[in-house]
Amino acid sequence: MDMDMDMDMGMGMGIGAGTGMDVDAVVFDVFGTLTDWRSSVADALAGIGGRAGLHADWPAVTDTWRRHYRPALLKMVSGGLSWAPLDELHRLTLDEALADHGLEAFDEADRGALVQAWHRLRAWPDAAAGLERLHHSRVITATLSNGGIGLVTRLAKQAGLRFDCILSAELVKSYKPDPRVYLSAAELLGVAPQRLLMVACHPDDLEAAAGAGLRTAYIPRPLEWGPDAAPVPAPAGVDLVAADVIELAHKVTTVS
């Protein structure tokens, strides 16, 4: 069956009866779930570092940078740090990661360019096709990212990811896993929380979404932290598990 015919079969259908769900909209985590942040940022570090004459294990530096991100984010959610846009949070944690690896020689311009690398992440190979199928169904699609509106809009455009709407934690001046982020998505899209499906590869994101009353879908991304990372099991109680965005789209647009 060709792609156009396959998409047409999904048009006008809600969430498939075979999934046991009935939702009106699907929102996606972006960093990790739809995009390969690790190799994209490692390549940016290697390119900028190489031009500066620096040498390091760039994937390891990338991992350190990302690991600094969550503690800082949670401090902002708890009120321990004043809220700031993600670009500022990325800059703060970049400085910490570079210091951890003895890479203080990166200058201000280089550091700014590295923060901008998060605006140009590569999409996983299945992401665009899966989103395109959802676009041709009755369900609304949107991001629900910790990335700011401008960041995610530019990222989606350059990566070829089509959404009906760009939503961000920035809209409530907080970050996931704050329940206000998930509930704001339901409110802004005009759907009840139980008719909104949150899709992510991160169990903690899905657990927080479920706690706010959303439905949840898990997509494993075994390469998110590189080929040697341990597998991440689906969280208990998740409503749907799909191998990738294409399978997710098939499950939510096909009635059995």
Side-chain angles (χ1 to χ4, degrees), residues 25 27-35 37-38 41 61-101 104 108 111-112 114-119 121 142-156 165-194 196-218 224-225 232 235-238:
V27 292
F28 288 86
D29 170 67
V30 175
F31 301 134
T33 304
L34 297 178
T35 59
W37 59 264
R38 186 176 188 266
V41 173
V61 177
T62 302
D63 291 344
T64 299
W65 189 1
R66 184 66 169 173
R67 288 193 174 100
H68 276 292
Y69 160 84
R70 184 166 177 77
L73 181 152
L74 291 176
K75 284 182 182 179
M76 288 186 180
V77 172
S78 68
L81 285 175
S82 297
W83 183 86
L86 190 64
D87 280 350
E88 293 183 23
L89 180 60
H90 274 155
R91 175 54 196 271
L92 170 69
T93 53
L94 172 64
D95 290 346
E96 294 171 345
L98 294 179
D100 288 347
H101 289 267
E104 289 91 343
E108 289 297 311
R111 292 172 191 241
L114 287 169
V115 168
Q116 290 295 308
W118 292 90
H119 297 228
L121 304 180
T143 61
L144 189 56
S145 175
N146 282 332
I149 296 285
L151 186 165
V152 176
T153 300
R154 285 188 287 273
L155 188 161
C165 184
I166 300 293
L167 297 179
S168 164
E170 180 179 49
L171 292 167
V172 294
K173 295 293 188 289
S174 188
Y175 288 107
K176 297 183 292 182
D178 185 335
R180 293 181 301 154
V181 175
Y182 306 99
L183 293 173
S184 72
E187 179 180 0
L188 290 167
L189 293 176
V191 302
Q194 65 269 23
L196 179 61
L197 180 67
M198 177 76 211
V199 182
C201 66
H202 308 123
D204 57 346
D205 196 356
L206 295 177
E207 289 164 356
L214 277 61
R215 312 304 294 278
T216 57
Y218 176 71
E224 181 185 6
W225 287 86
V232 178
V238 70

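It should be emphasised that the depicted structure is a prediction, and the values quoted were computed from it without experimental measurement.
With Ser184 contributing its side chain and Val181 its backbone, the two residues share a donor-acceptor pair below 3.5 Å. Judged by distance alone, with hydrogens and angles left aside, the side-chain atoms of Ser168 form a donor-acceptor pair with the main-chain N or O of Gly147 at under 3.5 Å. Using modelled atom types, no side-chain atom of Thr143 and backbone atom of Phe28 make a donor-acceptor pair closer than 3.5 Å.
In this structure, CZ in Arg180 is found 11.5 Å from CG in Leu171, a value given to the nearest 0.5 Å. Expressed to the nearest 0.5 Å, how far CZ of Arg91 lies from CH2 of Trp118 amounts to 15.5 Å. We find the CG-CG distance between Leu155 and Leu34 to be 9.0 Å, quoted to the nearest 0.5 Å. Distance CG/Asp100 to CD/Glu104: 9.0 Å, rounded to 0.5 Å. Here the CG-NE2 distance, from Leu151 to His119, works out to 3.5 Å after rounding to the nearest 0.5 Å. To the nearest 0.5 angstrom, Leu98 atom CG is 9.5 Å from His68 atom NE2.
Within the 4.5 Å cutoff, the side chain of Leu214 has no heavy atoms near those of the Leu197 side chain. No side-chain heavy atom of Val199 sits under 4.5 Å from any side-chain heavy atom of Asp29. Residues Phe31 and Ser145 are in side-chain contact: their nearest non-hydrogen atoms beyond the backbone lie under 4.5 Å apart. Side-chain contact between Val232 and Cys201 is absent, with no heavy-atom pair separated by less than 4.5 Å. Side-chain atoms of Arg66 and Val41, non-hydrogen and from C-beta on, never get closer than 4.5 Å to each other. Between Tyr69 and Asn146, some side-chain heavy-atom pair lies under the 4.5 Å cut-off. Taking 4.5 Å as the limit, every side-chain heavy atom of Leu167 sits out of range of all side-chain heavy atoms of Ile149. Using a 4.5 Å cut-off on side-chain heavy atoms (C-beta onward), Leu74 and Pro177 make contact.
Shown here for Leu189 and Ala25, the closest heavy-atom pair between the two residues is CD1-CB, 4.1 Å. Of all non-hydrogen atoms in Glu207 and Pro235, the two that sit nearest each other are OE2-CB, 3.7 Å. The two atoms that bring Tyr182 and Ala212 nearest to each other are CB-CB, 3.9 Å, heavy atoms only. Across Ala200 and Thr33, no two heavy atoms sit closer than the pair CA-OG1, 3.4 Å.
Ionic pairing of Lys176 and Asp204 is not present here: no N-O contact between side-chain nitrogen and carboxylate oxygen is shorter than 4.0 angstrom.
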Is there a side chain to side chain contact (heavy atoms under 4.5 Å, CB included) between Gln116 and Asp87 once you walk through the steps? CA-CA 8 Å; Gln116 290 295 308; Asp87 280 350; 4.0 Å; yes
Report the C-alpha separation of Glu96 and Trp65 in whole Å, then their side-chain angles, then the decisive distance to 0.1 Å, and conclude whether the side chain to side chain donor-acceptor pair (under 3.5 Å) test is met. CA-CA 8 Å; Glu96 294 171 345; Trp65 189 1; over 6 Å; no
Is there a side chain to side chain contact (heavy atoms under 4.5 Å, CB included) between Arg215 and Leu196 once you walk through the steps? CA-CA 6 Å; Arg215 312 304 294 278; Leu196 179 61; over 6 Å; no
His202/Leu206 under side chain to side chain contact (heavy atoms under 4.5 Å, CB included): CA gap, chis, key distance, verdict: CA-CA 7 Å; His202 308 123; Leu206 295 177; over 6 Å; no
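For Lys75, the NZ atom sits in a loose shell: 12 or fewer heavy atoms of surrounding residues, nucleotides or ligands are nearer than 6.0 Å.
Because its NZ or CZ atom is not both nearer than 6.0 Å to the ring centre of Trp225 and within 45° of the ring axis, Arg38 does not count as a cation-pi partner of that residue.
Donor-acceptor pairing under 3.5 Å is recorded for the side chains of Glu224 and Trp37. Looking at Tyr218 and Asp205, their side chains never bring a donor and an acceptor atom within 3.5 Å of each other.
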